[in-house]
Amino acid sequence: MKLAYWPGCVSRGFTTELHGSMAFTAEKLGIELVELDRANCCGAGIIAEHNQELADTLNARTFALAQQTGLAMMNICSTCQGAQSECQQRLDADSSYRAHINEVLSGQGLAYEKDKDGFTNKNFLWLLVEDYGLDQLAQKVVRPLSGLRVGPFYGCYVVRPKERLGYDEFPDRDLYLEKVIEVLGGEVVEYDGARKCCGFPVITMNRETSLRQAGTHVGDALDAGADCLVTPCPLCHLNLDMQQPEAAKIVNRDLGLAVLHLPQLVGLALGGEPKQLGMSKHIASTKWVEERLAGVPA
Amino acid sequence: MATYTLKVRRYQPESGEGPFWEEFKVDLDPTLSVLDGILQAKDRDDGSLSVRCSCKAAICGSCGMKINGQSGLGCKTQIGEAQEKAEKVASVGNGKADGTPPILVEPMGNMPVIKDLITDMESTHWEKIRRVTPWLLPHGEAPEREYVVEPESMIDITQSMACIQCGACVSSCLSMEADPEFIGPAALAKAYRFVGDPRDAETKERLHDLADDPHGIYDCTHCFSCVDACPKGVAPMDQIMRLRRKAGEEGIVDPNNGHNHVNAFVKMIEKKGTNDEALLVQESYAPGIKGKLKPSKAAIKGLVESLPTVLRAIKTGKARSPAKVIPGIHPKLPGGAQDEVKAIYKHAEEHREEFNIYIRGEEDVEPEPDKPTAAAMAAEAQAAAESEEETA
């Protein structure tokens with residue numbers, strides 16, 4: 001399998017361990033990634049908030065760069081998925097709007113064409129389940145995550161709005177994390193926050209609201225007995241992991257729960273070592289995950 | 001006809017007991033609604049089971065509730081589909097149920113419960129609606145007859161006018177869950193209905209009011225819950241983003257750093273193409289720190305509050321490279337790509353077109369596949385030639 005790969009900004013910024021673990025995991029899975037190094041930020045919904053046409057054109061450019069490779073496109077960030085799907089929905093809705101957007105791209109030798117070669121842009125999570133296949137994934141597992149109790153945390157942008165995000169065609173997209181955890185041999189932990197908001201979008205605007213959301217979800221997962229969380233969204237990771245000590249102050253309780261990126265969790269089951277997968281870079285210690293995998297009882 | 005189990009979260013204040021769950025078996029055609037099921041249970045099993053309803057046609061907005069955790073209208077949710085959803089959720093994890101799982105029915109969230117499925121809309125929903133001055137504030141004397149406006153100038157607000165005040169979006173709001181003082185999706189969508197109305201004369205004042213409130217437009221966490229909850233396609237979050245866009249166009253600098261954050265983000269991508277985190281943090285809180293503007297007290301507080309997080313990130317190696325801690329040295333996109341991004345900015349900032357699918361709709365007829373432009377074809381041919389060279 002060969003894919004046009006948009007890693008997003010945060011995986012090369014404050015969560016480099018995501019970029020590294022994706023490279024490791026892709027190789028183990030036999031997926032070849034062609035990185036779109038000339039592509040730009042998806043705008044994270046913020047550019048669209050300022051000027052919708054600007055966000056649509058910037059993402060049309062990214063899609064056009066991916067289409068030039070003739071490959072399907074993959075992202076590793078729920079927020080990229082949501083922001084790009086929103087723009088793609090508008091671009092695909094109307095040929096005259098698309099032509100208007102392509103006016104500026106054509107000056108750069110680029111054009112976004114609807115459905116060109118069945119073009120798709122999918123988060124690693126969707127791709128893993130829908131295209132790679134859980135059966136094939138199961139065959140690659142060399143270290144089942146037996147006994148590891150994992151809480152899924154999706155990130156809003158891959159679960160809502162359902163109508164925009166392809167749930168008509170793939171109605172189980174909001175259950176894929178659970179399915180992947182089970183295939184890797186882990187145990188799914190159910191808790192209230194799995195499909196709720198981490199609070200990151202308002203961290204600079206309303207810090208308390210933001211951190212209360214993150215702290216509540218981490219606390220709920222701990223109360224439900226989780227050993228760790230897993231997320232396909234690096235922005236959720238920033239609030240759930242990087243801000244976890246600050247969130248603990250807001251919700252006034254001890255937290256201390258490891259938050260893994262999806263490629264890290266998959267990578268562990270494919271034989272990766274925690275350090276190799278960048279887990280030592282996390283703010284909330286991942287030591288307990290290592291101990292559980294080494295057979296330490298819960 | 002099929003048999004369904006409704007598991008209803010009940011609360012009977014006169015009993016002196018707390019809330020409890022009760023299951024009801026109902027027999028209905030799968031195309032009938034969850035509300036039909038509740039009314040059958042009330043009729044056959046327990047007349048005290050309480051629910052608000054009237055039209056049963058998604059017009060009156062009375063029967064807001066949560067079904068399998070999803071906020072919406074009882075009358076607009078088919079019971080067969082609700083059963084499928086319950087079974088889907090029960091198909092993974094430790095919730096894997098023996099037998100058929102029940103359909104969960106709960107009162108709306110973010111509101112006090114009065115009895116069973118009846119919530120107190122007054123203390124939350126209506127109070128917040130009144131908060132945004134939900135009536136027209138026109139200029140000068142009223143005209144002798146009606147106000148005359150161009151029909152096109154009203155199209156923009158038809159989406160927010162479609163609201164039936166059911167409260168489903170309020171029930172689903174994840175910001176309000178963390179901050180009950182948030183003005184919230186229904187009231188802010190209503191606010192846009194007047195901000196976008198060409199007859200209203202207080203547009204600027206309204207935008208100031210909503211941006212300056214710390215629980216106003218910049219308190220929305222962009223989670224899309226209200227978009228999925230709304231039975232009428234109002235997409236309240238989209239209306240909140242429109243309010244932010246208009247407030248930004250007015251140059252309103254709010255105490256939440258909302259406008260500064262958007263500005264910092266937009267400018268940064270024009271300059272760098274991807275996120276320069278150090279620059280974004282600095283510029284969000286204190287734009288133009290290099291001698292032009294003095295950072296406000298709120299900005300200093302924001303920067304100081306983010307310091308421990310940054311220090312921890314440096315310690316673990318998350319943010320050890322200079323580009324992650326020193327604003328502005330993050331690299332641009334390679335090989336002319338940054339100039340392409342700048343050209344896009346120039347083009348898009350001139351037009352600022354807003355394409356609203358709710359209003360414009362999607363094309364009915366599938367058009368012919370797009371013909372690639374001559375430039376794109378040339379670029380493709382060149383790319384093919386280059387890759388051939390590489391292989392050679």
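A, B, ... follow the sequence lines: proteins, then strands. Residue 1 opens every chain. Just so it is clear, the structure is predicted and the values come from calculations on it, not from any experiment. The figures here come from the full heavy-atom set of this structure, side chains too, leaving out hydrogens, waters and symmetry mates.
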Original post:
With a 4.5 angstrom heavy-atom cut-off, which part of A/Glu103 approaches chain B: side chain, backbone, both or neither?
Top reply: side chain
Original post:
If you check every heavy atom in residues 41-49 of chain A against those of chain B, which residues fall under 4.5 Å?
Top reply: A/Cys41, A/Gly43, A/Ala44, A/Gly45, A/Ile46, A/Ile47, A/Ala48, A/Glu49
Subject >> Minimum side-chain heavy-atom gap B/Lys324-A/Thr16 below 4.5 Å >> reply: yes
Original post:
Looking only at atom types and distance, does a side-chain atom of B/Arg352 sit under 3.5 Å from a main-chain N or O of A/Asn51, one as donor and one as acceptor?
Top reply: no
**OP:** Check each atom of A/Val10 against the heavy atoms of chain B and say whether the ones under 4.5 Å are side chain, backbone, both or neither.
**Re:** both
**OP:** Among A/Ala55, A/Ser280, A/Gly199, A/Pro245, single out the residue with the greatest number of heavy-atom pairs under 4.5 Å to chain B.
**Re:** A/Pro245
Subject >> Residue-level interface, residues 233-245 of chain B with chain A, non-hydrogen cut-off under 4.5 Å >> reply: B/Met241, B/Arg244, B/Arg245
Original post:
Just by modelled atom types, is the B/Cys223 backbone N or O under 3.5 Å from a matching donor or acceptor in the A/Arg160 side chain?
Top reply: yes
Original post:
Looking at B/Ile344, B/Ile269, B/Asn275, which has the largest count of heavy-atom pairs under 4.5 Å with chain A?
Top reply: B/Ile344
Original post:
Do A/His50 and B/Phe265 have ring centres separated by under 6.0 Å?
Top reply: no
Original post:
Any chance NZ of B/Lys267 has more than 12 other-residue heavy atoms, nucleotides or ligands included, within less than 6.0 Å?
Top reply: no
Original post:
Can you find a heavy atom in the side chain of A/Thr57 that is under 4.5 Å from one in the side chain of B/Tyr345?
Top reply: no
Original post:
Contact part of B/Leu174 toward chain A, heavy-atom cut-off under 4.5 Å: side chain, backbone, both or neither?
Top reply: both
Subject >> For chain B, the option from A/Glu208, A/Glu163, A/Gln89 that forms the most heavy-atom pairs under 4.5 Å >> reply: A/Gln89
Subject >> From CA spacing to verdict: side chain to side chain contact (heavy atoms under 4.5 Å, CB included), A/Asp56, B/Glu353 >> reply: CA-CA 10 Å; A/Asp56 290 353; B/Glu353 185 169 342; over 6 Å; no
Original post:
Is it the side chain or the backbone of A/Asp241 that comes within 4.5 Å of chain B heavy atoms, both, or neither?
Top reply: side chain
Subject >> Gap between atom CE of A/Met242 and atom OG1 of B/Thr309 - 0.5 Å precision >> reply: 6.5 Å
Subject >> Close side-chain approach of A/Leu110 to B/Glu340, heavy-atom, < 4.5 Å >> reply: yes
Subject >> Where A/Arg212 and B/Ala178 come nearest, the two heavy atoms and their spacing >> reply: NH1-O, 3.2 Å
**OP:** Given salt bridge (Lys or Arg N to Asp or Glu O under 4.0 Å), test A/Glu17 with B/Lys318 step by step and report yes or no.
**Re:** CA-CA 8 Å; A/Glu17 70 277 3; B/Lys318 232 178 199 312; 2.9 Å; yes
Subject >> Most contacts with chain B, counted as non-hydrogen pairs under 4.5 angstrom, among A/Cys9, A/Pro171, A/Pro161, A/Pro201 >> reply: A/Pro161
**OP:** Specify the closest pair of heavy atoms between A/Arg38 and B/Gly336, including all atoms of both residues, with the distance to one decimal.
**Re:** NH2-C, 4.3 Å
Original post:
Which bit of A/Ala39 is near chain B, if near means a heavy-atom gap under 4.5 Å: side chain, backbone, both or neither?
Top reply: backbone
**OP:** Kindly give the heavy-atom pair with the smallest separation between A/Cys197 and B/Thr221, and that separation in Å.
**Re:** SG-OG1, 3.1 Å
Original post:
When only pairs under 4.5 Å are counted, which of A/Gly13, A/Gly8, A/Gly155 shares the most heavy-atom pairs with chain B?
Top reply: A/Gly13
Original post:
Contact part of A/Ile203 toward chain B, heavy-atom cut-off under 4.5 Å: side chain, backbone, both or neither?
Top reply: backbone
Original post:
Using a cut-off of under 4.5 Å for heavy-atom pairs, which of B/Asp228, B/Asp276, B/Val227 has the most such pairs with chain A?
Top reply: B/Asp228
**OP:** Taking the side chain as every heavy atom from C-beta outward, state whether A/Asp172 and B/Val92 have any pair of such atoms under 4.5 Å apart.
**Re:** no
Subject >> Contact class of A/Arg207 relative to chain B, heavy atoms under 4.5 angstrom >> reply: side chain
Original post:
Do A/Asp174 and B/Lys88 come within less than 4.5 Å of each other through their side chains, counting heavy atoms only?
Top reply: yes
**OP:** Heavy-atom distances under 4.5 Å only: say whether B/Glu305 touches chain A with side chain, backbone, both or neither.
**Re:** both
Original post:
Between A/Ser96 and B/Glu363, which heavy-atom pair has the shortest distance, and what is it?
Top reply: N-OE2, 4.4 Å
Original post:
Just wondering, more than 12 heavy atoms not from B/Lys246 lying within 6.0 Å of its NZ?
Top reply: no
Subject >> A/Lys287 atom NZ: more than 12 heavy-atom contacts under 6.0 Å >> reply: no
Subject >> Derivation of the side chain to side chain contact (heavy atoms under 4.5 Å, CB included) call for A/Thr216 and B/Glu177 >> reply: CA-CA 11 Å; A/Thr216 303; B/Glu177 219 175 80; over 6 Å; no
Original post:
Can you tell which of B/Leu280, B/Asn263, B/Val262, B/Val281 has the highest number of heavy-atom pairs within less than 4.5 Å of chain A?
Top reply: B/Val262
**OP:** Please flag which part of B/Ser225 lies under 4.5 Å from any non-hydrogen atom of chain A: side chain, backbone, both or neither.
**Re:** both
Subject >> Name of the residue among A/Arg90, A/Arg98, A/Glu53, A/His100 meeting side-chain contact (heavy atoms from CB on, under 4.5 Å) with B/Phe355 >> reply: A/Arg90
Original post:
Does the side chain of A/Met205 reach to within under 4.5 Å of the side chain of B/His261, using non-hydrogen atoms?
Top reply: yes
**OP:** Output, in order, the C-alpha distance, side-chain angles, deciding distance and verdict of side chain to side chain contact (heavy atoms under 4.5 Å, CB included) for B/His215 and A/Thr209.
**Re:** CA-CA 10 Å; B/His215 311 284; A/Thr209 302; 5.8 Å; no
**OP:** Using a 4.5 Å cut-off on heavy atoms from C-beta on, say whether the side chain of B/Thr316 contacts that of A/His282.
**Re:** no
Subject >> Residue A/Arg164 versus chain B: region with a heavy atom under 4.5 Å >> reply: side chain
Subject >> Atom group of B/Pro334 that falls short of 4.5 Å from chain A, counting heavy atoms >> reply: both
Subject >> Most chain A-contacting option - heavy-atom pairs closer than 4.5 Å, from B/Asp179, B/Leu333, B/Asn356 >> reply: B/Leu333
Original post:
Are the side chain of A/Lys281 and the backbone of B/Ala313 linked by a donor-acceptor contact shorter than 3.5 Å?
Top reply: no
Original post:
Given B/Arg312, which of A/Gln244, A/Gln243, A/Glu246 fulfils the side chain to side chain donor-acceptor pair (under 3.5 Å) condition?
Top reply: A/Glu246
Subject >> Closest contact, heavy atoms only, A/Leu175 versus B/Ser91 >> reply: CD1-OG, 4.0 Å
Original post:
Shortest non-hydrogen contact from B/Glu277 to A/Phe14?
Top reply: OE1-N, 3.0 Å
Original post:
Does the side chain of B/Tyr285 reach to within under 4.5 Å of the side chain of A/Thr204, using non-hydrogen atoms?
Top reply: yes
Subject >> Among the listed options A/Ala93, A/Ala64, A/Cys156, the residue most often paired with chain B at heavy-atom distances under 4.5 Å >> reply: A/Ala93
**OP:** Please determine, by modelled atom types, if B/Asp219 and A/Asn206 share a side-chain donor-acceptor pair under 3.5 angstrom.
**Re:** yes
Original post:
With chain A, which of B/His347, B/Arg360, B/Glu354, B/Glu362 has the greatest number of heavy-atom pairs at distances under 4.5 Å?
Top reply: B/His347
